[in-house]
Amino acid sequence: MQAAAIHYFSGTGNTYRAVTIVGETLKRAGYAVDMHRVSEFAAPPVKKYQLHVFAYPVYALDVPHIMLQYMRKMPRDSARAAVIAIFGDFKPEHVANGYEGNALARARKALRKKGYDVFFTDATGYPHSITIGLNPPMKEDQIAIRAISDKKVEAMADSIVRLRSSRRRESPLNPVYGIFGGLFRTIGRRSLGKLYVADAQCNGCGKCVRSCPAGAIALSRGRPRWSLDCEGCQRCINSCPSRAIQTSLVRLTGMLGLQVLSLITFIGLFFLPYASIFMDGTFGPFTVSGWWSGFILALAVWAVAVFLLNRYVLDGLIWLGERSGALRPIFHATFTRGYRRYLDPGFNPVEPLPQAPGSKRQ
Ligand SMILES: Cc1cc2nc3c(=O)[nH]c(=O)nc-3n(C[C@H](O)[C@H](O)[C@H](O)COP(=O)(O)O)c2cc1C
Ligand code: SF4
Ligand code: SF4
């Protein structure tokens, strides 16, 4: 019997829905199918498979950080591999309006480096779930979008079972999208977790902690606290049973303010070498000359300042403010309280046990 592995990451269940369809099709065709749910707590399997399917949501026109790490840890193999990316849609009449950008090309190259024969790549859209900033589609639109995309995934599954080669067209702008995606993977996703707040509805049940695929949430005195390990997957905000997780306006304003301040600092530092021309090339303990040295100095100081301010000063101040009864309503101010929450109906958000040895949560 042929063996197939389906490796998937899914924040809110859309990708899980798609791979369930692919898995059923593979089983009907006689494959023994193993499903591998990607998380901080799971390592790639060492078992040999004749066919691999990789599936994940599109984040910032690229592959999610957690999925790319997983692909890079896959054992070297020359087996056949298919890749499916799932993007977000708002209206059924615009299904496929989401855009995968560099998400398929990046995965194809990462897998090819490991020796895999990537014969199939394709993408489709399911209801978007970026609840941190946008209201998910209405219930009836969700149902209609899912019905359209299920059909598309059935067609993809049929091609995969027949090992029919097909590659979705890749954009010439992918190198540009790739820079955007790379910035999101290294910096952007981390700041998303820092925008959340648990409001007065939180009862400390800990479901968000057990659901986070990145181990980025911990309870501190009965309330969730987000670390910089967030993947941006939107599972916590969409799956809290009390709908207590919100985007904090104070945090959002603080972070945007910090970006503006740091940009001003960056520009100021960049021009330092020009000022230093009038000071024999020295400025305090630094000797700087030429535009590039100013650029490197500015970049280094800017990166360290943003990290330290964000990690210790801004986060600490907000955490203290949230604990003070009088100030709490200000810190709980949000625009997401009235937003719908979105999880695919068949998806269990809680990460399964047991987990990989050496993982953050044993
Ligand atoms: C941080 C983040 C970035 C996203 N970027 C894109 C994007 O660039 N293009 C797009 O079409 N959808 C984008 N989406 C939407 C998701 O791809 C979409 O909601 C997807 O269906 C989620 O799948 P899941 O339920 O398996 O997590 C983004 C979602 C998140 C959370
Ligand atoms: S899941 Fe919701 S109610 Fe439970 S601890 Fe997390 S934020 Fe609070
Ligand atoms: S903190 Fe929330 S959004 Fe971030 S990885 Fe965990 S569940 Fe996903």
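Since we're looking at a predicted model, the values are computed, not measured. Indexing begins at 1, ligand by ligand and atom by atom, following the structure's order.
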Can you tell which part of I217 has a heavy atom less than 4.0 Å from ligand 2: side chain, backbone, both or neither?
neither
Just to check, does P241 reach to within less than 4.0 Å of ligand 2 when the distance is taken from its heavy atoms?
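Judged by the 4.0 Å heavy-atom criterion, P241 does count as contacting ligand 2.
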Linking I/L/V/M/F/W/Y whenever any side-chain heavy atoms sit under 4.5 Å apart, do [X] and [Y] land together?
X	Y	result
V53	Y8	yes
L134	I245	yes
L111	V38	yes
L104	M67	yes
L252	V197	no

Do L61 and F87 come within less than 4.5 Å of each other through their side chains, counting heavy atoms only?
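Counting from C-beta outward, L61 and F87 never come under 4.5 Å.
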Do the side chains of R17 and D150 get nearer than 4.5 Å, heavy atoms only?
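Counting from C-beta outward, D150 and R17 do come under 4.5 Å.
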Under 4.0 Å from a heavy atom of [X]: give me the atoms of ligand 2 that qualify, with their elements.
X	value
C202	3 (S), 5 (S), 7 (S), 8 (Fe)
I245	7 (S)
S242	3 (S)
G204	5 (S), 8 (Fe)
C205	1 (S), 3 (S), 4 (Fe), 5 (S)

Below 4.0 Å, non-hydrogen atoms only: which portion of I130 touches ligand 1? Side chain, backbone, both or neither.
side chain
Looking only at heavy atoms, is any part of Y59 under 4.0 Å from ligand 1, and if so is it the side chain, the backbone, or both, or is it neither?
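It is both parts that get close, each with some atom under 4.0 Å.
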For [atom], what is the nearest protein heavy atom, given as residue, atom name and distance?
atom	answer
atom 2 (Fe) of ligand 2	C240 SG, 2.3 Å
atom 1 (S) of ligand 3	W226 CD1, 3.3 Å
atom 3 (S) of ligand 3	Q234 N, 3.3 Å
atom 6 (Fe) of ligand 3	C212 SG, 2.3 Å
atom 4 (Fe) of ligand 3	C230 SG, 2.4 Å
atom 5 (S) of ligand 2	G206 N, 3.2 Å
atom 8 (Fe) of ligand 3	C233 SG, 2.4 Å

Does any N/O atom on [X] come nearer than 3.5 Å to any N/O atom on ligand 1?
X	value
C233	no
G13	yes
F87	yes
Y16	no

Could you tell me, atom by atom, which parts of ligand 1 come under 4.0 Å of a heavy atom of [X]?
X	result
S10	24 (P), 25 (O), 26 (O), 27 (O)
I86	17 (O), 20 (C), 21 (O)
H128	19 (O)
G11	24 (P), 26 (O), 27 (O)
A60	3 (C), 4 (C), 5 (N), 6 (C), 8 (O)
T12	24 (P), 25 (O), 27 (O)
N14	20 (C), 21 (O), 22 (C), 23 (O), 24 (P), 25 (O), 26 (O)
L61	7 (C), 8 (O)

Begin with the C-alpha distance, continue with both residues' side-chain angles, and end with the deciding distance and a verdict on side chain to side chain donor-acceptor pair (under 3.5 Å) for S149 and T124.
CA-CA 6 Å; S149 251; T124 189; 2.7 Å; yes
Of all heavy-atom pairs between [X] and [Y], which one has the smallest distance, and what is that distance?
X	Y	result
A55	V19	CB-CG1, 3.4 Å
A110	L68	CB-CD1, 4.1 Å
R164	D158	NH2-OD2, 4.1 Å

Mark yes when over 12 heavy atoms from residues, nucleotides or ligands other than Y16 sit less than 6.0 Å from its OH; otherwise mark no.
no
Would you indicate whether F180, at its atom CZ, is surrounded by more than 12 heavy atoms from other residues, nucleotides or ligands within a distance under 6.0 Å?
no
For ligand 3, which atoms sit closer than 4.0 Å to a heavy atom of E231?
4 (Fe), 5 (S)
Which atoms of ligand 3 sit under 4.0 Å from any heavy atom of Y196?
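Near Y196, meaning under 4.0 Å from one of its heavy atoms, ligand 3 has 3 (S).
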Taking 2.8 Å as the cut-off, does an N/O/S atom of C236 lie below it from atom 2 (Fe) of ligand 3?
yes
Taking atom types as modelled, is there a side-chain donor on Y49 or D77 under 3.5 Å from an acceptor on the other?
no
Between the side chains of T336 and Q246, does any donor sit under 3.5 Å from an acceptor?
yes
Would you confirm whether the ring centroid of H52 sits within less than 6.0 angstrom of the ring centroid of Y116?
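Ring centres of H52 and Y116 closer than 6.0 Å.
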F184 near ligand 1, heavy-atom distance under 4.0 Å?
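True for this residue.
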Decide, yes or no, whether a salt bridge links E231 with R190 under the criterion of side-chain N to carboxylate O below 4.0 Å.
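Looking at E231 and R190, the cut-off is not met.
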Determine the sole option in T131, I130, D141 for which the side-chain contact (heavy atoms from CB on, under 4.5 Å) test with P136 is passed.
T131
